[in-house]
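The structure appears below as structure tokens.
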Amino acid sequence: MDTPNTAPLAGIKVLDLSRLLPGPLGAQYLADLGADVIKIEDTQAGDYAPPALRAVCNRNKRGLRLDLKHPDGQAVLAALARKADVLIESFRPGVSARLKADYPTLSRYNPRLVVCSITGYGQDGPLRDAAGHDLNYSAYAGVADQMGCGPDQPALSNLPVADILGGSLTAVMGILAALVDAQRTGQGRYVDIAIADGLLAGAVVPLATLNAHGDTRAAGGDTLSGALACYGQYRAQDGRYLAVAALEPKFWDTLCRRIERPELLPLHRDGDPDRQAWLRSELQALFASRPLAHWLDLLEGADCCVSPVLKLSESLAHPQFTARGMVQASRHPAYGLAAQIASPVKMSGFQFAIHRQAPLPGEHTTQVLREAGYDDAAIASLAERGIAL
């Protein structure tokens with residue numbers, strides 16, 4: 001029997017000092033599960049993510065603007081840290097110490113505090129101070145080398161896998177583990193997340209090839225990247241694509257019989273690159289002879305792992321995702337109408353909801369400062385001096 005609707009992270013307070021994508025999205029994952037997340041921005045540029053991105057990476061948070069270069073701003077952060085469980089920051093190594101936002105400083109006020117730093121390359125190593133973006137981390141981690149249709153056709157992904165897999169999700173994993181330990185022992189931890197490390201840790205499929213054969217395959221040449229005709233994307237007559245992933249014999253058998261090409265059955269995974277290339281060309285010619293709707297109708301009900309390659313707008317409207325409650329439409333007072341993708345975590349006794357839209361910079365400053373123990377006169381003084389806005 002389900003318990004009443006109770007968020008699993010209710011009562012957990014998170015201070016989010018991060019910007020752009022990896023940190024804010026990770027903090028949003030925590031907020032979606034019930035944590036009270038306070039988005040803390042500086043009093044100048046703040047989080048300079050584009051408004052459309054800001055709107056979908058910062059819901060269910062409150063907003064505070066704080067000048068951490070000023071001693072009184074640092075004192076505010078210390079007051080907040082006394083009652084917090086987690087602090088997330090994404091400054092370059094060494095910056096948080098200068099701002100008195102580092103673990104050694106804040107743990108003196110609250111030994112149970114978990115502090116998580118998210119950087120491109122971590123707090124040590126020869127690249128610790130290097131600038132980078134998703135593509136750079138993917139390049140260093142050997143993942144960009146594996147993306148594409150061939151060695152001369154590298155691909156870029158509009159899903160920033162390094163930022164999200166290596167940054168957001170890895171950070172949440174570390175934070176939750178440290179939180180469990182802090183609640184058990186009363187001692188917090190410092191969590192050092194390097195986005196490049198997190199992505200490298202996910203490169204298990206090319207690692208398996210490396211271990212088995214002494215090297216990775218070139219982009220487009222491994223089992224899941226193009227070596228097999230039974231696993232790939234095929235263009236239909238109308239320019240739309242089918243995703244064919246008939247890796248197992250039973251799926252390949254069903255597909256070949258539905259498309260009335262039983263003579264292709266023996267070529268499924270025969271290990272011959274030339275025959276696989278021929279098979280790929282045969283499938284491409286076949287699928288190019290009819291529009292996508294024809295193939296979807298022909299394969300309706302066939303258990304053969306073939307799917308339409310949807311545009312995101314189509315995915316958001318698909319019955320599977322709407323049935324799962326994964327899509328919510330909402331209107332932000334400043335950023336306009338936006339589709340929101342719900343938390344993918346489903347569990348008994350909890351129902352995801354958007355309680356707050358992404359906060360405007362400093363939207364909840366007065367509220368948060370009062371909770372931290374500041375009276376109206378002190379709050380007015382901080383505002384007049386531009387320290388807390």
Can you label the angle between the His318 ring and the Phe321 ring as parallel, tilted or perpendicular, going by 30° and 60°?
perpendicular
Value for CG (Asp297) from NE2 (His294), rounded to nearest 0.5 Å, stands at 8.0 Å
Result for side chain to side chain contact (heavy atoms under 4.5 Å, CB included) between Ile195 and one of Ile118, Thr170, Thr119 points to Ile118
*Starting from the C-alpha separation in whole Å, work towards a yes-or-no answer on side chain to side chain contact (heavy atoms under 4.5 Å, CB included) for Ser138 and Leu199.*
CA-CA 7 Å; Ser138 295; Leu199 189 60; 3.4 Å; yes
Does Gln44 CD have over 12 foreign heavy atoms under 6.0 Å away? no
- Treating Ile, Leu, Val, Met, Phe, Trp and Tyr as nodes and any side-chain heavy-atom pair under 4.5 angstrom as an edge, say whether Leu176 and Leu169 lie in one connected cluster. yes
message = Is the ring pair Tyr137/Tyr121 parallel, tilted or perpendicular, if the boundaries are 30 and 60 degrees?
response = perpendicular
Review point. Okay, side chain of Glu41, backbone of Asp47: is any donor-acceptor separation there less than 3.5 Å?
Key: yes
>> Atom CZ of residue position Arg324 - does it have more than 12 heavy atoms of other residues, nucleotides or ligands inside 6.0 Å?
In response: no
### Task
State whether the side chain of Arg54 and the backbone N or O of Ala49 hold a donor-acceptor pair below 3.5 Å, judged by distance alone.
no
Next item on the list: Check whether more than 12 heavy atoms from other residues, nucleotides or ligands sit under 6.0 Å from atom NZ of Lys346, and answer yes or no.
Entry: yes
When rounded to the nearest 0.5 Å, the distance separating NE2 of His268 from CG of Leu228 is 7.5 Å
Rounded to the nearest 0.5 angstrom, the CG-CG distance for Leu106 and Leu77 is 5.5 Å
Answer yes or no: is there an ion pair linking Arg184 with Asp181, defined by an N-O contact shorter than 4.0 Å? yes
For Ala236 and Arg290, the nearest pair of non-hydrogen atoms, with its separation, is CB-O, 3.5 Å
_Looking at Tyr140, I'd like to know if its OH atom is crowded, meaning that more than 12 non-hydrogen atoms belonging to other residues, nucleotides or ligands lie closer than 6.0 Å._
no
Taken to the nearest 0.5 Å, the spacing of Ile193 CD1 from Ile175 CD1 works out to 7.5 Å
Exercise. Could you check Thr6 against Phe350 for side chain to side chain contact (heavy atoms under 4.5 Å, CB included), going step by step and ending with a plain yes or no?
Key: CA-CA 5 Å; Thr6 303; Phe350 170 66; over 6 Å; no
Between Gly73 and Leu68 the two heavy atoms that sit nearest each other are O-CD2, 3.7 Å
dist Lys13:NZ -> Asn110:CG (nearest 0.5 Å) comes out at 11.5 Å
Q. Passes side chain to side chain contact (heavy atoms under 4.5 Å, CB included), Phe352 versus Gln328? Steps please.
A. CA-CA 11 Å; Phe352 164 81; Gln328 297 194 11; 3.5 Å; yes
Any Thr365 side-chain heavy atom under 4.5 Å of Leu382 side chain: no
Problem set entry | Pair Glu282-Leu286, side chain to side chain contact (heavy atoms under 4.5 Å, CB included): steps then yes or no | CA-CA 6 Å; Glu282 285 291 299; Leu286 176 65; over 6 Å; no
Path from Leu15 to Val95 over hydrophobic side-chain contacts below 4.5 Å:
yes
Charged N-O contact under 4.0 Å between Glu371 and Lys83: no
| query | Does the side chain of Ser225 come under 3.5 Å of the side chain of Asp222 through a donor N or O and an acceptor N or O? | reply | no
ask   = When you measure from the side chain of His213 to the backbone N and O of Asp215, does any donor-acceptor pair fall under 3.5 Å?
value = no
- Query: If we ignore angles and hydrogens, is there a donor and acceptor under 3.5 Å between the side chains of Gln276 and Asp270?
  - Reply: yes
Practice prompt. State whether the side chain of Asn60 and the backbone N or O of His355 hold a donor-acceptor pair below 3.5 Å, judged by distance alone.
Written response: yes
Is there a side-chain contact between Arg59 and Lys61 in this structure, where contact means two heavy atoms from C-beta onward sitting under 4.5 Å apart?
no
Between Phe91 and Leu17 the two heavy atoms that sit nearest each other are CE1-CD2, 4.0 Å
**Request:** Please check if the side chain of Gln340 supplies one atom and the backbone of Ala55 the other of a donor-acceptor pair under 3.5 Å.
**Result:** yes
Closest non-hydrogen contact found for Gln357 with Pro333 is CG-CD, 4.3 Å
- Salt bridge check: are Asp36 and Arg62 linked by an N-O gap of less than 4.0 Å? yes
Going by atom types only, do Thr254 and Arg258 share a side-chain donor-acceptor pair under 3.5 Å? no
Closer than 4.0 angstrom, basic N to acidic O: yes or no for Glu314 and Arg240? yes
query = Is the shortest heavy-atom distance from the side chain of Trp295 to the side chain of Ile259 under 4.5 Å?
reply = yes
Min side-chain heavy-atom separation Tyr48-Leu20 under 4.5 Å: yes
CG (Asp303) and CZ (Phe251) are apart, to the nearest 0.5 Å, by 5.0 Å
**Heavy-atom check, side chain of Leu265 versus side chain of Arg257, under 4.5 Å** = yes
In short, Leu200 meets Ala141 closest at the heavy-atom pair CD1-O, 3.5 Å
How about Arg19 and Asp42: do any of their side-chain heavy atoms sit closer than 4.5 Å?
-> yes
- [ ] Answer whether the closest heavy-atom distance between the side chains of Ile12 and Gln183 falls below 4.5 Å.
- [x] yes
Check your understanding: Counting only heavy atoms not in His364, do more than 12 sit closer than 6.0 Å to its NE2 atom?
Key -> yes
- Shared hydrophobic cluster, Leu87 / Leu179 (ILVMFWY, side-chain heavy atoms < 4.5 Å): no
### Message
Under a 3.5 Å cutoff, is there a donor and acceptor pairing between the side chains of Tyr103 and Ser96?
### Response
no
Note: Gly188 and Ala182 closest approach over all heavy atoms is CA-CB, 4.2 Å
Taking C-beta and beyond as the side chain, do Gln233 and Leu242 meet within less than 4.5 Å on heavy atoms? no
Indicate, with yes or no, if Val327 and Leu312 share a hydrophobic cluster defined by side-chain heavy-atom contacts under 4.5 Å among Ile, Leu, Val, Met, Phe, Trp and Tyr.
yes
- Message: Please tell me whether Leu389 and Leu369 are part of a single hydrophobic cluster in this structure, the criterion being side-chain heavy atoms less than 4.5 Å apart.
- Response: no
Salt-bridge contact Asp192-Arg128 (side-chain N to carboxylate O under 4.0 Å): no
Paired with Asp16, the side chain to side chain contact (heavy atoms under 4.5 Å, CB included) test is passed by just one of Val37, Ile40, Leu30, namely Val37
Requested in this report: Determine whether more than 12 heavy atoms belonging to other residues, nucleotides or ligands lie under 6.0 Å from atom CD of Gln351.
Outcome: no
